[in-house]
Asker: 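Before we start, here is the structure in question, set down as structure tokens.
Each chain gets a letter, A, B and so on, in the order the sequences are listed, and its residues count up from 1. Note that this is a predicted model, so its numbers are computed, not measured.
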Number of protein chains: 2
Amino acid sequence: MTTPSASPLHPRVVIIGCGFGGLEAARALRGAAVDVTLVDKTNHHLFQPLLYQVATAGLSAPAIAAPIRHLFRQQRNVTTLLGEVTRIDVGQRTVHLADGATLPYDHLIVAAGATHSYFSRDDWAAYAPGLKTLEDAFEIRRRILLAFEAAEKEPDPARRADWLNFVVVGAGPTGVEMAGTLAEIAHHTLPGEFRHIDPASAKIILLEGGARVLQAMPEALSQRAKEQLEKLGVDVRLNARVTAIDSDGLKVESLASASTSSANSYQINSKCIVWAAGVAASPLGRHLADATGASIDRAGRVVVEPDLTLPGHPEISVIGDLAAAKSHVAGHEPTPVPGVSPGAKQMGRATAANILRRLAGQPTQPFRYRDYGNLATIGRNSAVVDLTSPAGPVRFSGYFAWLFWLFAHVYFLIGFRNRLVVLLDWAWAYWSFARYARVVTGIERHETAPPSPTPPGT
Amino acid sequence: MTTPSASPLHPRVVIIGCGFGGLEAARALRGAAVDVTLVDKTNHHLFQPLLYQVATAGLSAPAIAAPIRHLFRQQRNVTTLLGEVTRIDVGQRTVHLADGATLPYDHLIVAAGATHSYFSRDDWAAYAPGLKTLEDAFEIRRRILLAFEAAEKEPDPARRADWLNFVVVGAGPTGVEMAGTLAEIAHHTLPGEFRHIDPASAKIILLEGGARVLQAMPEALSQRAKEQLEKLGVDVRLNARVTAIDSDGLKVESLASASTSSANSYQINSKCIVWAAGVAASPLGRHLADATGASIDRAGRVVVEPDLTLPGHPEISVIGDLAAAKSHVAGHEPTPVPGVSPGAKQMGRATAANILRRLAGQPTQPFRYRDYGNLATIGRNSAVVDLTSPAGPVRFSGYFAWLFWLFAHVYFLIGFRNRLVVLLDWAWAYWSFARYARVVTGIERHETAPPSPTPPGT
């Protein structure tokens, strides 16, 4: 079964995945004489940098998720399909979906992204959910809010304390945001609402295997971020490696200092653990590598040519978190492109331009990543900013960094309405300290003490 | 295990359920020398009159759900508990929760509400979800949006048409709102977003077993509502009784007219059926009746005394949709209280006042329901209003009725913030015809063609 194409005379571009890369590629093909089919396994584009706000009940899901179909309603050369890709036939040039549909392509853009990785310890997933999809965010929101509810009902002081231990594993941007916001919830949002516990007595522990938080940032900003986290009440533990996770909590191995090699191992009891430590590329990466002979790196990302296509397959581009891509500047050694949303967006636009060049019989151009800098928020009034400017780096932290972060993120949110609503939600949350999206559904399934394994497919 | 009480010297009032009745009862006890424990199986008070807007992607869940704990943060005599009541021991005067906790009471208010009823055909639930909880609303939203997605991918014209048949069973307020909003989605929100189907070709069928829509309304307004529905493109079928529902659709028996008794039976193919036909009281009703000897009516509601307590149990009040209550006006025959939110709220306040009278050694007062009228919305710019005034009934319909309905509902939403956000969401939806909450999660579980049975506990 072949899905009918609106205009079979135009070259067919199939895009897999509507994250930042796929979205920008499709947009950049606006007005071009191509038929674009955009396939995603959800019906929405997700503004992932704010997903932690959904997980911490600061924003509702619709505020950061835009229906893909709606985004492209006026771009007539785009057909949106909800579906899951099971197989790519690079010989026949077809993409196969789980529902049996087949999409023929003349050019394929694979932008299927990444998911969290437990470093071969997939059994940890049940006790320490990661944060990539809206379902993940709902699950984490549920666990956070129900932990406080369970503590309120728990008469045994030791068990009550366990319910109030929150652990975030991994101090990259997501881990830092989660830990900072958890501290804000415990110290500012919930106090006064409980009768038997003091939510401010909750412990927020941020575990990082490396020697500093936000390793993509310059060292001085990492240090500032750590200080700001500690000011918010977060217990930041560096050089701390997780060796086990179960329904009671985690086992941690800590290298006390760099000078001593003696590790000391200890247990943290916790019922609410958030995994922000590892990322692995979509399994489509390996599938593509097997089919084309391309290589993949340790994180499962596909090693691409300078123009982001696969070796020997100029009709297949891989972009975003799925690509192990390099930035090419004449006269310089190529440098790896970081796995951040500006990188994915730039790859999407570059790929669209290269496809149009190829259709016009022109040579493609190597990808060049423009690094405008790096932002990370920590919590209320706290962020670190590292901007790249022609005059050298601009680095600042604290309140103005937070304002900068806030407006940058609201600006980049897709669509005017979302921006407005997010600003209003935040303005309200800021002045009132309230978090309005504290809705938990499906409680029956989740109320029992040990976190139950997430049902398959959620 | 007994949950510790903050101040054991005060009489303990336990309230089961935080719908309109339970919420108002707890609020009306503000400042009283009682210890109130409010138990609900969710963490939020739900503004149910707008639940259909969540189901039809017009509002996000947090816009109509307020965390109970947050609502009572400043009312120090209220303790909020998340938990499910399994048993009431009327002899020991204790309420037992699923997690093992026991709540002793001096006065008990049971406000556990109602759920949808399939008239002993519970197997229909999998194919025709009802609309009582946020989970229900998400499930219906999912089915509506995924039906259009499936139609877009379906090459067979007959099967495509089946995906675009939407059936609402029951033409009470919820059924009328659902049908009207579905028509709005098909005709105004989605057109232009699909490439292979015309969403405006969707059929919206509203089946009603009785002879008119909105039977609680005066007959002339029922007629106006039907005309407005038909203007919106809804196919309204009266005297149509559903005899079977399965994954293909429904079987309907139609009494062609009142004059002929010959029923004609036919099939409607549909993949998206919404059940808005029957309501049954919480099973706690029967449990209470068994324990106290009180009687229950056909809908499972507990028959209460004039002061809303149980016969022989002045310490147990039953209010809201769980109570078969009458309104008492001196010199008039008692009249049944309708199952609407103003009724529940008034019962909540009256019960709080009676508890305080009883504690003060005064006699309780019979409940008197004040009927301010009846509103129902139909869709964009359409509603019917039937107000009770000292000068006689005031009835109107159409645009001004819709504005009246809109402001009444926004006004009654709990909390300033929700009101503001709902108004903004609606203003935006009104001018843009967009529905912003078109987020579907858990697609994997639901994408396959026949609607899969809802997993237990959702």
Asker: Where the side chain of B:Lys153 meets the backbone of A:Ala101, is there a donor-acceptor pair that is under 3.5 Å apart?
Answerer: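 Looks like no, no N/O pair under 3.5 Å.
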Asker: Could you tell me which portion of A:Leu46 (side chain, backbone, both or neither) has an atom closer than 4.5 angstrom to a non-hydrogen atom of chain B?
Answerer: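 Answer is neither: A:Leu46 stays 4.5 Å or more from chain B.
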Asker: Taking B:Val78, B:Leu145, B:Thr80 one by one, which has the highest count of heavy-atom pairs under 4.5 Å against chain A?
Answerer: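 Option with the greatest count: B:Val78.
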Asker: Can you tell which part of B:Leu97 gets under 4.5 Å to a heavy atom of chain A, answering side chain, backbone, both or neither?
Answerer: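 The answer is neither part of B:Leu97.
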Asker: Taking C-beta and beyond as the side chain, do B:His196 and A:Thr79 meet within less than 4.5 Å on heavy atoms?
Answerer: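 The answer is yes, as the side chains (C-beta and beyond) meet within the 4.5 Å cut-off.
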Asker: Report the distance from atom CZ of A:Arg142 to atom CG of B:Asn43, rounding to the nearest 0.5 Å.
Answerer: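 The CZ atom of A:Arg142 sits 11.0 Å away from the CG atom of B:Asn43.
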Asker: Please look at B:Phe138 and chain A and tell me whether the side chain, the backbone, both or neither of the residue comes under 4.5 angstrom of a heavy atom of that chain.
Answerer: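 It is the side chain, since no backbone atom gets that close.
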Asker: Do the side chain of B:Arg69 and the main chain of A:Glu193 share a donor and acceptor less than 3.5 angstrom apart?
Answerer: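 Flag set: sc B:Arg69 to bb A:Glu193 pair under 3.5 Å.
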Asker: Can you see which heavy atom on A:Arg195 is nearest to which on B:Arg76, and at what distance?
Answerer: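 Scanning both residues, the minimum pair turns out to be NH1-NH1, 3.3 Å.
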